[in-house]
Number of protein chains: 2
Amino acid sequence: MSELESIKQNFVTQWGALGSQWGVNRTMAMIHSLLLVSTDPLTTDQVMEELAISRGNANTNLRELASWGLIRSVVVRGQRKDFYEAEKDVWKMFCIVARERKRRETEPASKVLQNCVERAQRLKTKEAKELSKQLKELNEFVELANSIMDKVASKEKSALVPKLLKLLG
Amino acid sequence: MSELESIKQNFVTQWGALGSQWGVNRTMAMIHSLLLVSTDPLTTDQVMEELAISRGNANTNLRELASWGLIRSVVVRGQRKDFYEAEKDVWKMFCIVARERKRRETEPASKVLQNCVERAQRLKTKEAKELSKQLKELNEFVELANSIMDKVASKEKSALVPKLLKLLG
DNA sequence: CTAAAATTTCACTAATTATTGAAAATAAAT
DNA sequence: ATTTATTTTCAATAATTAGTGAAATTTTAG
């Protein structure tokens, strides 16, 4: 294997491992990183070959990545097979992940919390008030984080990061 | 079961499920949420009882939570058993998680990326330059995120959030 | 010291999650 | 319309991760 391929493989493996720590399945993270460092769009068969995985696995995770918007299929002139390429702009990648995680995960979580708070507020004991207070604080934090993520993910990096760094000292 | 207990149980279950989506094991998330809404510190036996889990499981996850700094053991006068209580301040919780994830996960990830970049920079082909550029961008983002998290997690909520919201419009 | 209580460890098992691969479905070409 | 290429699905299986419980260790009290 060439040094170039070896570097790419190392990156793909490590990125896959990092993914699992953050609740992303290993194959999905590996396909994503493979496409991130690939010069050209790849077919399902090429992904299968590169990562030594089955067609079903490749297909499922390619579709999942596409549903997140992290990769897209492109048509290659004179070819019937689908080709996939990754969004390579790191800031855009981050914005996509932030928005999707918010939509799929933290917004539903906030709904659950909100519901718990409402139920707790109906009760009048001291312990219920304490519970209600704690859950309210947690929910306020989740909603704050959601709102900040939304705003951050809607801005240009160049318009945000310098100001942010200045603010943070 | 009382309405109060039912609310708590609902919260514990849902928080556990959310945890898994973010790479935290279910039991750990459940113990954390149980202690978050508990009026008093709890012993291992009480945690076992409440969540219907084994001693080994309870012990392991209590220690893990303590190693993160999300819970601490407290001594209760006249009692030999260890009691545990959660850090209940949500902002502090967030700071702890941010710092620990940085230390345990994103800093090592950045080291890996840095290493890949160095190796790629030694190569002189067009493709190696492309790879090097892409990995460098990724690493710069990871380091930026690390540095921002660090700064955010070292500030008082009251001193940061209002300014941040103003900046974001 | 030593006996009881409490905690920790870890080999085994259970539960969950990921992956395969072949069949079914769909799409494209002739 | 039929054949061939391609994609999708999904039941079966593999791999991974989490959890158990009893034995070993450590701590505390007398």
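Quick note on labels: first sequence line is chain A, next is B, and so on, each numbered from 1.
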Distance-only side-chain donor-acceptor flag, [X] / [Y], under 3.5 Å:
| X | Y | result |
| --- | --- | --- |
| B:Ser6 | A:Arg119 | yes |
| A:Asp82 | A:Ser73 | no |
| B:Trp91 | A:Glu137 | no |

Would you kindly give the [atom1]-to-[atom2] distance between [X] and [N], to the nearest whole Å?
| X | N | atom1 | atom2 | answer |
| --- | --- | --- | --- | --- |
| B:Asn61 | C:dT7 | CG | P | 16 Å |
| A:Glu64 | C:dT19 | CD | P | 13 Å |
| B:Met28 | D:dG19 | CE | P | 12 Å |
| A:Ile53 | C:dT20 | CD1 | C1' | 11 Å |
| B:Met48 | C:dT7 | CE | C1' | 12 Å |
| A:Leu51 | C:dA18 | CG | P | 16 Å |

Scan nucleotides 2-14 of chain D nucleotide by nucleotide, 5' to 3', and note B when protein non-hydrogen atoms come under 4.0 Å of the base, S if they reach only the sugar-phosphate, - if neither. ---BSBBB-----
If you apply the rule side chain to side chain donor-acceptor pair (under 3.5 Å), what do you find for A:Asn57 with A:Asn61, and how did you get there? CA-CA 6 Å; A:Asn57 196 10; A:Asn61 285 292; 2.7 Å; yes
Does the side chain to side chain donor-acceptor pair (under 3.5 Å) test come out yes or no for B:Asn59 and B:Thr44, once each step is laid out? CA-CA 7 Å; B:Asn59 181 266; B:Thr44 301; 5.2 Å; no
Flag this pair as yes if the NZ/CZ of A:Arg99 is under 6.0 angstrom from the six-membered ring centre of A:Trp68 and inside a 45 degree cone about the axis; otherwise no.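 Not satisfied by the 6.0 Å and 45° rule.
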Counting side-chain heavy atoms from CB outward, which of C:dA18, C:dT20, D:dG19 is closest to A:Asn25?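 Out of C:dA18, C:dT20, D:dG19, the nucleotide with an atom closest to A:Asn25's side chain is C:dA18.
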